[in-house]
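Below, each value reflects all heavy atoms present in this structure, side chains not excepted, and no hydrogens, waters or symmetry copies.
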Amino acid sequence: MNESIWDWEKAWEVLPKLLDGLVITVEATVVGMIIASVLGLVFALALRAPTRWVRAPLRLVIDFIRMTPLLVQLVFVWLMLPAVPTLVVGFTVLGVHYATYMSEVYRAGIEAVPRGQWEASTALNLPKARMWRAVILPQAIRNTLPGLGNYAISMFKETPYLFAISVVEMYQAAQQYGALTFSYIEALTMVGLLFLVVSYPAALLVRRMEIRLA
């Protein structure tokens, strides 16, 4: 009689280790999203600078980051900064990488602000800083929330790349368990289920947000 390829005992045994990895995964995602959200807005505003000496070099940097693999960026920065904790390297690289994409989301949100709002701000002779702070950015950021939410989910699903720099997130925890017990199927299946349990409700929330803001 053939042995079952699935062992529920192993699946429950690995779960606590994966939940510890999930905490690391969520931490990397949350901190990475904070970095990406703030830096992405800085990029979007800097790309609107009147001088080309600001826009052109920044555009080159953004394009370079976008066109090179996230995995390569993680390993390169990790090797260049051996004294920095791996989790710090992980969420920083994730944040900078996604900031380049979020800058485009912010750009689209800024351009979606009705022209009348710009004209009204000019007619009221508002200082430029106040115009951006009180009129343009609140409307632009509201328009970008669904897009930022989608990138947050994408970042969460790409945290397994952190295994390459020895961060023990869920995938790495599953691999370590599998190496000790040779029960990879149970461990990796549970990882997939945990990603689904977190990602699916988040995707539904983003979809609802898109409908409400449409």
Side-chain angles (χ1 to χ4, degrees), residues 11 14-44 62 65-78 84-106 108-109 141-178 184-213:
V14 73
L15 185 58
K17 302 178 188 300
L18 299 184
L19 291 176
D20 289 340
L22 177 60
V23 172
I24 301 298
T25 296
V26 172
E27 286 179 356
T29 304
V30 170
V31 180
M33 270 302 297
I34 292 172
I35 294 171
S37 299
V38 174
L39 191 57
L41 181 58
V42 171
F43 286 164
I62 289 174
I65 294 173
R66 282 184 189 165
M67 294 177 186
T68 53
L70 174 59
L71 182 59
V72 174
Q73 293 170 14
L74 282 166
V75 174
F76 179 80
V77 175
W78 176 54
V84 178
T86 54
L87 183 58
V88 174
V89 171
F91 62 61
T92 301
V93 173
L94 279 171
V96 174
H97 183 84
Y98 272 88
T100 62
Y101 293 98
M102 289 187 182
S103 65
E104 287 300 309
V105 177
Y106 283 121
I141 291 174
R142 181 177 182 273
N143 294 334
T144 64
L145 289 177
L148 298 182
N150 284 323
Y151 276 123
I153 296 170
S154 295
M155 183 186 294
F156 175 70
K157 292 189 296 184
E158 289 200 327
T159 53
Y161 283 131
L162 299 181
F163 89 95
I165 59 173
S166 302
V167 174
V168 186
E169 39 64 59
M170 282 196 291
Y171 177 77
Q172 180 77 318
Q175 288 285 1
Q176 290 179 353
Y177 179 83
Y184 288 98
I185 292 177
E186 291 84 359
L188 293 176
T189 301
M190 295 298 283
V191 168
L193 289 174
L194 286 173
F195 270 109
L196 181 63
V197 165
V198 177
S199 297
Y200 186 65
L204 292 178
L205 181 62
V206 170
R207 193 176 307 164
R208 185 174 180 183
M209 191 186 305
E210 288 176 343
I211 294 172
R212 290 190 63 181
L213 296 178

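Scanning for side-chain contact (heavy atoms from CB on, under 4.5 Å) contacts around V23 gives E27, with sequence neighbours left out. Not counting sequence neighbours, the partners of N150 by the side-chain hydrogen bond (donor to acceptor under 3.5 Å, both in side chains) test are E210. For A152, the side-chain contact (heavy atoms from CB on, under 4.5 Å) partners are M33, not counting sequence neighbours. Scored by the salt bridge (Lys or Arg N to Asp or Glu O under 4.0 Å) test, E104 finds R59, R66, R107 as partners (sequence neighbours excluded). Looking at residues two or more places apart in sequence or on another chain, you find no side-chain hydrogen bond (donor to acceptor under 3.5 Å, both in side chains) involving Y106. The side-chain contact (heavy atoms from CB on, under 4.5 Å) test applied to F163 returns E169, Y171, Q172, not counting sequence neighbours. Qualifying ring pair (Phe, Tyr, Trp, His ring centres under 6.0 Å) partners for F195, counting only residues two or more places apart in sequence or in other chains: F156. Partners of T68 by side-chain hydrogen bond (donor to acceptor under 3.5 Å, both in side chains), not counting sequence neighbours, listed by chain and number: Q73. Applying the side-chain contact (heavy atoms from CB on, under 4.5 Å) criterion to L196, with sequence neighbours excluded, gives Y200.
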Could you list the donor-acceptor pairs under 3.5 angstrom formed between side-chain atoms of residues 89-96 and any protein atom two or more places apart in sequence or on another chain?
unit_1 : atom_1 : unit_2 : atom_2 : d
T92    : OG1    : V88    : O      : 2.7

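Across all non-hydrogen atoms, the minimal contact from N143 to G109 is ND2-O, 3.7 Å. Of all heavy-atom pairs between V14 and M190, the closest is CG1-CG, 4.3 Å. Taking both residues in full, the closest heavy atoms of K17 and A173 are given as O-CB, 3.9 Å, listed atom of the first, atom of the second, then distance. Considering every non-hydrogen atom in both A174 and L188, the closest pair reads CB-CD2, 3.9 Å. Of all heavy-atom pairs spanning W78 and A164, the tightest one is CZ3-O, 3.8 Å.
Screening residues 151-161 for side chain to side chain donor-acceptor pair (under 3.5 Å), with sequence neighbours left out, gives Y98-E158.
Heavy-atom neighbours of F76 CZ from other residues, nucleotides or ligands within 6.0 Å: at or below the threshold of 12.
Side chain of S37 to backbone of I34: no donor-acceptor contact under 3.5 angstrom is found. Remark: side-chain polar atoms of T189 are not paired, donor with acceptor, to backbone N or O of E186 under 3.5 angstrom.
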*side-chain contact (heavy atoms from CB on, under 4.5 Å) between T29 and V26, worked out*: CA-CA 5 Å; T29 304; V26 172; 5.6 Å; no
